[in-house]
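Heads up, the thing below is written out as structure tokens.
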Amino acid sequence: SHLVFGDLYLDHIRAWREAEIGKLGIDLEFPVWNVPYNDLLDDLEKSGVKCVVSASTNESVDVGTVFTREFSNRLVSDGLDGFGE
């Protein structure tokens, strides 16, 4: 069996998943690992899927906000990661 993760680039999280979950003998997959953000945004826009922020630990990011390229760019201009990593 396989587990698929949407991790983008945080090495310590991937390493933990591989070390701990890997012990179970399950194949771990990271299909968007190190994919450039512009490529991910292009794919999201082409898909037509509406993504909404469901949780946030930052006061400047409101739950319920629709995730768009403009929102991602605003995150970056505010000094945050464009995908909330």
Let me have the donor-acceptor pairs involving side chains of residues 23-30, under 3.5 Å, with sequence neighbours excluded, atom names and distances please.
| from | atom 1 | to | atom 2 | distance (Å) |
| --- | --- | --- | --- | --- |
| Lys23 | NZ | Glu20 | OE1 | 3.1 |
| Glu29 | OE2 | His2 | ND1 | 2.8 |

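- Asn58 contributes a side-chain N or O that, together with a main-chain N or O of Ser60, makes up a donor-acceptor pair within less than 3.5 Å.
- Summarising the geometry of Asp39 relative to Val35, their closest heavy-atom pair is CB-CG1, 3.9 Å, with the distance given to 0.1 Å.
- Interatomic distance, CZ of Arg74 versus OG1 of Thr68, reported as 9.5 Å (0.5 Å rounding).
- In this structure, Leu40 and Val32 approach most closely via the heavy-atom pair CD2-CG1, 3.9 Å.
- Ser72 places no side-chain N or O within donor-acceptor distance of the main-chain N or O of Arg69, the cut-off being under 3.5 Å.
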Would you mind writing out the side-chain donor-acceptor pairs for residues 4-12 within the sub-3.5 Å range, not counting sequence neighbours?
| from | atom 1 | to | atom 2 | distance (Å) |
| --- | --- | --- | --- | --- |
| Asp7 | OD1 | Arg17 | NH2 | 3.3 |
| Asp7 | OD2 | Arg17 | NE | 2.6 |
| Tyr9 | OH | Asp81 | OD1 | 2.9 |

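- Linking Ile, Leu, Val, Met, Phe, Trp and Tyr residues whenever their side-chain heavy atoms come within less than 4.5 Å places Trp16 and Leu3 in a single cluster.
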- Message: Test side-chain contact (heavy atoms from CB on, under 4.5 Å) on Asn38 and Leu41; report intermediate values, then the result.
- Response: CA-CA 5 Å; Asn38 280 329; Leu41 288 165; 4.2 Å; yes
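- Every ring pair (Phe, Tyr, Trp, His ring centres under 6.0 Å) that Phe67 has, sequence neighbours left out, goes to Phe71, Phe83.
- Val53 and Leu80 fall within the same hydrophobic cluster, where Ile, Leu, Val, Met, Phe, Trp and Tyr residues are linked whenever their side-chain heavy atoms come under 4.5 Å apart, directly or through other members.
- A salt bridge is absent between Asp42 and Lys46: the closest approach of a Lys/Arg side-chain nitrogen to an acidic carboxylate oxygen does not fall below 4.0 angstrom.
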